[in-house]
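Notes follow once the structure below has been shown.
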Amino acid sequence: MENDVIKVTDLSMDAPLLSYNNWTQIKDKKQTRTSVTSMSATPAAPKIHHKQMQFHQSLAKSRFVFGGNRTGKSVCGALEAIWYATGLHPYLQIDHACDGWVVSLTRQVQRDVAQAKILQYLPPEWIVKVVMLSGSAFAPEHGVIDFIIVRNVFGTCSKIGFRNCEQGRERFQGVSLDFVWFDEEPPVAVYEECLLRLLDRGGVHWVTMTPLKGRSWVYDRIYLQQHRTPDLACFFMTWDDNPYLSTDEKRYLETTLPPEVLASRKYGQFVAGEGLVFPNFGQENIIEPRVFDQVDHYYLSIDPGYRNPTAALWLVAVGEKLFVVADYEVAGLTVAEHSQAILTRTRELGWDIRQVTILIDSAAAQKTSACEVSTAEQYRQHGLPVNTNVNKNLAQGLLQMKALFSNAAGQRSLFVCRNCVNLLDELQGYYWGDGEQPKKLNDHTIDALRYAVMAWVQQLTPPRPTLGILGQAKQQMLKKMAVKRFTPENVCFNADRR
């Protein structure tokens, strides 16, 4: 049977252990083991790929690596599979034989990429048996492997099986697994079928991919939901993260490939981003939560909802930068309940509400037939002195926000703390609709951010000089002259009046 554990008692336990760029030299490892004898008498100092370290140290059951080509994502995917199979993981405590799959898109990709990486990093001394779909087991790198029986540190054997999406969903049924490695983005049906294979063993899975399919199911279900999905970790790798890439080669490709290709091939960004309202909002704009010293201004911005959620953002201005430190988005509550929750969060941040500029959508100043007291006045009655005088110019606000996320010189002035999960989800999924308007969907915290950004920019802008009485009269006269000059009766549209 495919998942039977094969007991092997006559294998030598003196076979060399696995290496990963001289892994044992890394200081932050948690487990010590014998290093592999170096091929060189004076080995070079090891280079550390810090993003790979973060991936291997993660305890999440679901891990996604979004990386460009040659960023090292497939290497860490292969090493993780080998470590699970052999029980030699340097960061995790594995206490039993593990069986898993390596899933590729096609047979050819399996042979040339994932299978090649496994064979490269798995020493022959640890291989008990190789079963082929095509080709010879004496030269497995030239054929297509079905599975490899691997010895482990428990005195038994584990199995690394290979699957490709060309085989169809049925080929992914009927077995129980401890791990699955997806090399590149699989069809959603294959992904879901593999998750079922992990169910009874409580297994884990990881995906290493360059996001070339644009806004696919991975974008919607993983990328946009990463901050609110438990036991999910996402990692982003670029060419600059890989210490083994040549600077000259990177510079050559940067000047050769078009920007839209570089977005995915170098940075691992999702392509087809032409519809994004904020395509320049990236990981550089996301920071870890922190306590800010010497704050110049505190902002609380509210976008009230009736049937829609009520959203609120807490922001601090420090010098020429603006930081969103907390967010709130809840539906189905009264103004009194929202006010209590917002005041509680403000106190938790250590803010004095009297020193905070509190902004709210100007529509909140209007009374409705259902209530004689406006929404803004209700918030004031419950301890939030809101200001409805906000700039709601949509086009101007979006352009200002985009410029703050990253201007033409690459400077960034607007940042979002990672704990603001509602705002992060909305920013990364905010698209243009028909014409010049974004889609009116999931934009509540974005609206709140827009009010605060425009207020902050206005505060930074020096006020225009006030005209005296004579200056005002002169300005009015010039306006009247301009209107009179360009009225239709003063403009020649008829060729006979030349």
Side-chain angles (χ1 to χ4, degrees), residues 2-8 11 13 15-21 23-24 26 29-31 33 52-65 72-104 110 113-130 145-163 172 175-183 186 191 194-209 231-233 235:
E2 182 155 357
N3 286 281
D4 288 344
V5 176
I6 303 174
K7 294 185 179 181
V8 181
L11 291 175
M13 295 302 295
L17 301 179
L18 311 177
S19 64
Y20 186 3
N21 299 335
W23 189 274
T24 56
I26 299 174
K29 68 185 183 65
K30 299 179 181 179
Q31 180 175 323
R33 57 184 175 79
Q52 289 178 335
M53 302 299 118
Q54 295 173 11
F55 167 81
H56 291 301
Q57 292 171 352
S58 173
L59 300 178
K61 290 176 67 67
S62 176
R63 287 173 285 174
F64 278 73
V65 179
K73 61 186 188 303
S74 294
V75 173
C76 61
L79 261 295
E80 192 76 0
I82 292 173
W83 288 338
Y84 264 88
T86 58
L88 287 169
H89 204 295
Y91 293 108
L92 305 179
Q93 186 66 42
I94 299 175
D95 57 4
H96 63 281
C98 292
D99 298 330
W101 278 348
V102 176
V103 179
S104 302
Q110 170 190 321
V113 183
Q115 175 182 301
K117 293 296 182 184
I118 294 291
L119 293 175
Q120 176 183 354
Y121 287 98
L122 178 59
E125 293 86 351
W126 288 79
I127 298 176
V128 177
K129 184 178 182 181
V130 179
I145 299 176
D146 187 7
F147 60 88
I148 301 176
I149 302 297
V150 181
R151 62 182 291 267
N152 56 47
V153 296
F154 312 109
T156 62
C157 285
S158 302
K159 180 178 291 186
I160 301 177
F162 293 85
R163 295 289 184 273
F172 293 84
V175 298
S176 298
L177 301 171
D178 297 283
F179 68 87
V180 176
W181 167 35
F182 299 91
D183 183 43
Y191 177 78
C194 289
L195 293 188
L196 296 175
R197 304 304 111 225
L198 301 169
L199 182 60
D200 58 345
R201 295 195 185 186
V204 300
H205 69 280
W206 54 93
V207 182
T208 57
M209 57 176 285
D231 237 352
L232 168 65
F235 307 88

Open item on the list: Assess the residue pair W101 and F147 against the criterion (ring-ring contact (aromatic ring centres under 6.0 Å, His included)); give the C-alpha distance rounded to whole Å, side-chain angles, the decisive distance to 0.1 Å, and a yes or no.
Closed with: CA-CA 9 Å; W101 278 348; F147 60 88; over 10 Å; no

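- Atoms CD and NE2, from E80 and H56 in turn, are 5.5 Å apart once rounded to the nearest 0.5 Å.
- For D183, the salt bridge (charged side-chain N to carboxylate O under 4.0 Å, His left out) test picks out no residue, with sequence neighbours left out.
- Considering only residues two or more places apart in sequence or on other chains, A116 meets the side chain to side chain contact (heavy atoms under 4.5 Å, CB included) condition with none of them.
- Partner D178 forms a side chain to side chain donor-acceptor pair (under 3.5 Å) with one of H205, R197, R201, K159 and no other, that one being R201.
- Atom CZ of F162 is separated from atom CD1 of I118 by 5.5 Å, given to the nearest 0.5 angstrom.
- Interatomic distance, S176 OG to L198 CG, rounded to the nearest 0.5 Å: 9.0 Å.
- Every side chain to side chain donor-acceptor pair (under 3.5 Å) that W181 has, sequence neighbours left out, goes to T208.
- Side chain of R63 to backbone of F55: a donor-acceptor contact under 3.5 angstrom is found.
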TODO: I would like to know whether D99 and S158 meet side chain to side chain donor-acceptor pair (under 3.5 Å); could you show each step before the answer?
DONE: CA-CA 5 Å; D99 298 330; S158 302; 4.7 Å; no

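- Taking the six-membered ring where the residue is Trp, F179 and W206 present parallel rings, their angle staying beneath 30° rather than reaching 60°.
- Under a 3.5 Å cut-off, the side chain of Q52 and the backbone N or O of V75 do not form any donor-acceptor pair.
- Q115 contributes a side-chain N or O that, together with a main-chain N or O of I145, makes up a donor-acceptor pair within less than 3.5 Å.
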